[in-house]
Q: 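Mind looking over this structure? Questions follow.
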Amino acid sequence: MKKGDHLFLVDGSGYIFRAYHALPPLTRKSDGLPVGAVSGFCNMLWKLLREARDTSVRDTPTHFAVIFDYSSHTFRKEIYPEYKANRSAPPEDLIPQFGLIRQATKAFNLPCIEKDGYEADDLIATYARQAEAAGAEVTIISSDKDLMQLVTPMVTMYDSMKDKQIRIPDVIEKWGVPPEKMIDLQAMTGDSTDNVPGIPGIGPKTAAQLLEEFGDLDTLLARAGEIKQQKRRENIIQYAEQARISRQLVTLKTDTPVDVGIEDFSLEPQNGPKLVAFLKAMEFNALTRRAAEATGVEASEIEPANVPIQAVAEAHGPDLDIASGDDLPNPPKPAASAAPNGAKPAFGNVEGTPAGLVKARTDQALAAKIDRSSYATIRDVAALQVWIDEAMASGVIAFDTETTSADPMQTEVVGLSLATRPGRAAYIPINHVSGDGDLLGGGLVEHQIPEREVFRMLKPLLEDASVLKIAHSMKYEWLVMHRYGIDLHPLDDTMLISYVLDAGEGSHSMDSLCDRWLGHKPLAHKELIGSGKSSVTFDKVSIERATEYAAEDADVTLQLWRLLKPRLVADGLMSVYERLERPLIPVLARMEERGISVDRQILSRLSGDLAQSAAAIEEDIYRLAGEKINIGSPKQMGDILFGKMGLPGGSKTKTGQWSTSAQLLEDLAAEGHELPRKIVDWRQLTKLKSTYTDALPGYINPRTKRVHTSYAMAATSTGRLSSSEPNLQNIPVRTSEGRKIRTAFIAEPGNKLISADYSQIELRVLAHVAEIPQLTQAFADGIDIHAMTASEMFGVPVKDMPSEVRRRAKAINFGIIYGISAFGLANQLSIPREEAGQYIRTYFDRFPGIKDYMEATKAFARQHGYVETIFGRRAHYPEIRSSNPTHRAFNERAAINAPIQGSAADIIRRAMVRMEPALNEAKLSARMLLQVHDELIFETADEEVEATIPVIRHVMENAAMPAVSLSVPLHVDARAAHNWDEAH
DNA sequence: GTCCGACCGTA
DNA sequence: TTACGGTCGGACG
């Protein structure tokens with residue numbers, strides 16, 4: 001770079017936000033992808049590059065670069081942790097545009113510059129000074145006052161939206177000081193958007209006046225005593241240090257260690273086809289035409305580019321200090337290339353809004369026919385290559401594996417299907433065997449590509465960052481593929497998309513979604529493999545039948561995705577999906593894959609003990625009952641207790657049977673009856689034996705010698721996970737007998753289990769959402785929350801409080817979370833309903849905010865049909881307006897509970913997503929194994945335990961930040977031990 | 001064989 | 001009074 005050259009530096013990140021707010025919203029016609037800021041950006045670049053030479057006020061650039069913020073974690077955070085801490089997450093429809101704007105920059109053949117740890121402003125400052133030193137002119141395309149300190153006779157700013165140059169006189173006119181004093185001015189005034197503190201009471205006018213008088217900030221601070229106005233003088237003296245810190249924050253770094261030098265910014269000619277392909281994909285028709293004309297390209301001959309929405313740390317805004325690293329989803333393909341069955345997309349009918357797109361897609365999907373006979377079977381390498389090429393070009397594929405077992409840790413792949421666009425799908429048979437296994441073991445069927453070859457060929461596709469893989473229940477596919485050495489990514493999951501959109505509106509299984517949205521019943525798995533004793537594994541199914549079934553699944557998945565994905569934007573739920581669901585897929589998959597070690601001997605010994613104890617009690621029961629009945633049959637037991645023996649207090653279940661619940665039997669036992677006590681004890685022992693000590697060993701995987709649970713991501717209405725086969729979220733803990741089960745969950749030799757659990761997370765969430773001052777204060781002070789409640793309610797001092805008083809307050813606190821009723825509380829506390837009702841009234845008197853919160857939540861649910869967590873996750877209650885009072889009341893209680901339970905669930909999900917990067921960052925080898933709603937279990941080497949616990953605690957306690965700044969602190973207890981009982 | 005209710009383990 | 005999943009008995013086919 002030399003004298004006479006002219007460097008243009010575009011503040012890309014600044015532009016994005018400004019354009020987003022200044023320009024009218026715009027969405028891509030075919031799928032509703034928000035592109036307003038992208039459009040403004042492209043038009044601006046076009047103008048700068050094409051029209052600069054015609055404008056007298058600007059020279060033609062010889063060098064050009066677009067600069068972006070990389071992430072919110074910069075050196076300024078080290079100086080001042082609160083820097084930019086008050087920034088909220090970027091708007092929903094801006095998020096996908098961060099990545100798109102970077103791709104636009106590249107499509108314009110311009111350098112796209114960003115650097116971890118630095119803001120765009122620092123890079124701009126560094127490049128501007130370098131160019132200036134080389135004698136070149138610089139134009140900074142931005143109107144941000146933070147950059148005005150850079151203006152010199154050689155460095156000009158240009159506000160592209162107002163088409164206005166900003167030179168030294170313009171800065172003086174606007175701020176009252178020349179550019180070189182802007183730093184001191186900003187240090188004094190501070191900046192509320194970036195959370196730069198400054199000096200209270202000093203605005204730009206005062207600051208300029210003071211700088212005029214004293215010359216610079218240091219002189220001012222040194223001679224502050226001379227200031228006449230008392231308040232101003234006090235503030236300047238008191239906040240001198242704050243001003244100095246502020247100065248550090250606003251001073252742009254002109255010596256950023258850059259990776260790309262200014263020499264590399266030399267302006268290159270446009271790549272016409274590349275630019276047109278991008279603009280076409282964005283559906284910017286006017287600009288496409290102009291770009292095609294100017295570059296001599298025939299627009300109609302150019303295919304729209306495959307434009308993936310890539311991971312951009314900035315896209316997470318200030319939200320993620322620890323970037324997830326996962327790619328954001330590819331956008332839906334333009335309808336022109338993806339209309340089902342070759343039908344013309346209904347452009348004329350599609351409104352330019354996400355909602356319009358959803359409507360069009362829904363109608364389209366219902367009209368489309370699914371033709372199972374059209375699917376292909378891939379039997380040789382050449383055919384497979386054709387499909388792989390097509391998939392690569394398409395950029396989006398739906399994907400499904402057929403396997404021998406529902407357990408991804410045990411299963412073998414039988415075949416694999418993929419769909420590249422609606423109606424176009426194929427099946428790759430791999431391990432089908434001849435049906436009759438009796439004769440000579442039923443070998444592999446002919447004309448199947450060898451397994452190794454299939455995976456060798458598919459691996460590049462399945463791991464290609466530019467090809468989005470869609471599945472229904474992707475965690476299963478991920479696990480299966482991982483066993484074959486494939487790191488499946490990037491991912492989308494139609495089950496999870498449906499879950500985010502419609503939690504509470506019924507099942508998210510593919511069959512029901514297909515029926516609901518496509519009006520089609522796909523072939524049932526059972527129809528192929530049969531059921532029960534006569535069922536076979538999928539490898540015995542004929543390849544013809546398997547093709548119809550498997551390819552249909554892929555086809556349906558793709559069609560569901562096209563339909564459901566745009567709804568995430570339309571309904572404002574993209575960030576729930578992107579932050580809480582999609583990144584959790586590989587996290588949970590790895591947890592399931594790791595499993596946990598369970599000691600068979602301990603369980604076996606416990607089982608023997610339980611059997612003995614139960615047998616002893618059985619003898620007593622038969623004696624007391626006077627006959628040998630099935631103790632495990634509530635029906636028979638009820639008849640004995642309330643029929644034959646005529647005990648009092650019997651009540652009936654809804655089917656007319658005598659109720660024999662533990663609570664009821666306990667009450668009878670308390671009145672001195674012997675038999676009910678025995679039954680309760682017997683039930684406890686046999687429950688522990690059958691559900692835990694006897695069942696768990698059967699789940700030890702013979703290959704890994706560990707137990708691998710399965711987490712359902714879309715099973716609950718509130719956002720919680722559920723665990724099954726085995727359920728490791730209900731391992732006993734309340735009784736000493738039950739806790740022994742936990743001693744069987746152990747760490748490998750030389751390792752420890754770490755258990756870290758949130759303390760009172762749901763009550764803390766309640767304190768936050770309902771804004772209850774006493775609760776917030778109590779959590780801030782770290783005092784016993786139930787004792788505080790009791791003290792408030794009953795006027796008892798916390799000190800020496802009777803345990804019964806605290807117990808009742810605790811039950812009420814839980815009751816509140818559950819959407820309390822007098823009936824339920826009375827039951828829980830075994831007190832009269834009137835008394836329970838009085839408690840509730842007292843509670844609402846003492847904490848009126850709770851009552852308000854409950855009423856507001858009910859009203860919201862009635863109006864919208866759903867409620868929301870603090871992160872925007874929705875739980876639907878379609879029957880909240882039921883005319884049946886009992887039914888309606890049930891829905892209301894659930895609706896009150898869901899935001900509380902769900903917000904807590906969201907918080908731990910966020911912690912889980914961030915945990916692995918945080919541990920890696922700290923060079924720790926701890927593995928996250930289990931989640932139990934408010935608890936995470938890890939396994940790690942003995943010598944790393946001490947270093948690991950603080951990292952875990954930090955991630956968990958800060959998991960809500962910065963998307964939500966809770967008004968109460970989160971507290972995590974963590975302990976390490978060789979087994980789960982001692983760690984908990 | 002499959003389904004449902006009762007019961008009970010967890011948060 | 002919220003949210004789950006597993007086991008059992010018993011009724012149904």
Side-chain angles (χ1 to χ4, degrees), chain A residues 503-504 526 530-535 629-638 652-665 679-680 683-692 694-696 698-699 709-712 715-735 737-739 741-742 757-763 766 811-829 833 836-837 839-840 854 867 875 877 889-902 904-905 908 930-935 984:
Chain A
K526 260 177 30 184
S531 65
K533 213 172 147 192
S534 59
S535 71
I629 42 94
N630 188 342
I631 310 169
S633 163
K635 183 175 184 298
Q636 294 182 34
M637 227 47 247
K652 297 285 182 73
T653 68
K654 63 182 170 195
T655 55
Q657 302 277 322
W658 290 109
S659 168
T660 65
S661 71
Q663 176 66 61
L664 197 149
L665 297 184
I679 297 169
V680 169
R683 278 192 188 158
Q684 194 205 1
L685 297 171
T686 52
K687 169 87 175 179
L688 292 176
K689 184 170 185 293
S690 66
T691 308
Y692 303 103
D694 290 355
L696 279 172
Y699 288 103
T709 184
S710 175
Y711 289 104
T716 72
S717 53
T718 56
R720 273 192 177 180
L721 303 176
S722 77
S723 156
S724 63
E725 295 180 281
N727 181 353
L728 295 186
Q729 291 179 323
N730 72 345
I731 303 301
V733 70
R734 290 177 189 177
T735 65
E737 280 303 303
R739 262 199 306 278
I741 312 273
R742 293 195 169 213
D757 66 290
Y758 284 108
S759 160
Q760 310 280 14
I761 188 168
E762 292 190 350
L763 277 174
L766 173 70
I812 294 166
N813 276 333
F814 277 100
I816 295 298
I817 291 171
Y818 298 152
I820 202 156
S821 78
F823 180 84
L825 183 63
N827 252 344
Q828 179 66 29
L829 288 175
R833 198 166 339 161
Y839 280 178
I840 295 170
M854 290 182 154
V867 291
Y877 293 92
F890 174 77
N891 275 275
E892 288 174 350
R893 289 192 300 272
I896 289 168
N897 172 254
I900 303 169
Q901 188 186 114
I908 198 166
L930 302 178
Q931 189 248 41
V932 193
H933 308 307
D934 66 358
E935 176 187 14
H984 184 74

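Here the structure is a predicted model, which is why all the values come from computation and not from measurement. Here is the naming used below: chain letters follow the sequence lines, and residue numbers restart at 1 for every chain.
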Q: Reading DNA chain B 5' to 3', which nucleotide is the first, and which the last, to come under 4.0 Å of any heavy atom in chain A?
A: dG1(B) to dA11(B)
Q: Take atom CD1 of Ile631(A) and atom P of dT7(C), then tell me their distance rounded to the nearest Å.
A: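 Computing the Ile631(A):CD1 to dT7(C):P distance gives 20 Å.
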Q: dA3(C) C1' sits how many Å from Ile908(A) CD1, rounded?
A: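 One finds 15 Å between C1' of dA3(C) and CD1 of Ile908(A), rounded.
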Q: Checking the side chain of Tyr818(A) only, and the main-chain atoms of Gly824(A) only, is there a donor and an acceptor separated by less than 3.5 Å?
A: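 Not confirmed, Tyr818(A) side chain does not pair with Gly824(A) backbone.
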Q: Please list, chain by chain and in numerical order, all residues satisfying ring-ring contact (aromatic ring centres under 6.0 Å, His included) with Tyr877(A), sequence neighbours excluded.
A: none
Q: Which ones in residues 683-692 of chain A lie close to DNA chain C, meaning a heavy atom under 4.0 Å from one of its atoms?
A: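 Residues of residues 683-692 of chain A under 4.0 Å from DNA chain C: Lys687(A), Ser690(A), Thr691(A).
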Q: Distance check needed: dC8(C) P versus Gln636(A) CD, whole Å only.
A: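 Atom-to-atom, Gln636(A) to dC8(C), this comes out as 15 Å.
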Q: Ring-on-base stacking between Tyr818(A) and dT2(C), under 5.5 Å between centres and under 30° between planes: is it there?
A: yes
Q: For dC4(C), take OP1 and OP2 only and decide whether either is under 4.0 Å from a side-chain N or O of Arg720(A).
A: no
Q: Counting only side-chain N and O atoms of Asn630(A), is one of them less than 4.0 Å from OP1 or OP2 of dG9(C)?
A: yes
Q: Would you indicate, yes or no, if dC4(C) has its OP1 or OP2 atom less than 4.0 angstrom from a side-chain nitrogen or oxygen of Gln901(A)?
A: no
Q: Does Lys635(A) make a cation-pi contact with Trp658(A), if we ask for NZ or CZ under 6.0 Å from the ring centre and within 45° of the axis?
A: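 So Lys635(A) doesn't make the cation-pi contact.
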Q: To the nearest angstrom, how far is Ile741(A) atom CD1 from dG5(C) atom P?
A: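 To the nearest whole Å, that distance equals 20 Å.
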